[in-house]
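Step one of this worksheet: look at the structure below.
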Amino acid sequence: MTTANVDPRYSRAEAAKYLGISIHTLHSWGSSGQQGLRFYRVGRRCIYLKSDLDAYLAASVVGDKKEAA
């Protein structure tokens, strides 16, 4: 089995570090569903995919104006 196309998985602590927020903030977002950040429960653990974190960051861009053609 090749792992070339496997999306990296992050723990809650790793995802918080990647996003530049505290683990407590990420926990709060997950509990409330307020931010719409996608995650997966595996037993008691929360797993975040890098592609989901990148999509969240891309959707959170403020002031990105596209130039008129």
Side-chain angles (χ1 to χ4, degrees):
M1 180 176 159
T2 181
T3 58
N5 294 328
V6 175
D7 197 5
R9 299 175 196 153
Y10 294 153
S11 67
R12 181 169 276 163
E14 292 167 330
K17 185 175 180 180
Y18 183 78
L19 294 172
I21 59 175
S22 76
I23 191 170
H24 301 291
T25 298
L26 190 56
H27 174 73
S28 177
W29 289 358
S31 296
S32 69
Q34 184 177 12
Q35 295 296 320
L37 183 57
R38 191 174 190 180
F39 67 94
Y40 305 87
R41 285 209 183 270
V42 180
R44 293 175 50 184
R45 297 185 63 201
C46 293
I47 302 296
Y48 297 82
L49 298 180
K50 184 177 184 298
S51 60
D52 291 333
L53 298 176
D54 290 338
Y56 172 78
L57 290 173
S60 300
V61 173
V62 177
D64 185 26
K65 296 181 181 177
K66 296 192 182 213
E67 303 215 12

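Predicted model only: the values in this text are computed from it and were never measured.
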dist L49:CG -> Y40:OH (nearest 0.5 Å) comes out at 4.5 Å
Within the structure provided, determine whether L37 and L53 are in side-chain contact (heavy-atom separation under 4.5 Å).
yes
Short question: side chain of D7, backbone of S51 - any donor-acceptor pair under 3.5 Å?
yes
Is there a donor-acceptor contact under 3.5 Å from the side chain of S28 to the main chain of H24?
no
Any non-hydrogen side-chain atom of Y48 less than 4.5 Å from a side-chain atom of L26?
yes
Tell me the closest heavy-atom pair linking G30 and F39, and the distance in Å.
CA-CE2, 3.7 Å
Enter the distance from E14:CD to I23:CD1 here, rounded to the nearest 0.5 Å.
10.0 Å
Is the shortest side-chain heavy-atom distance between K50 and Y10 below 4.5 Å?
yes
Are T25 and L19 close enough that some pair of their side-chain heavy atoms sits under 4.5 Å apart?
no
Least distance between heavy atoms, R12 atom then H27 atom
NH1-ND1, 2.8 Å
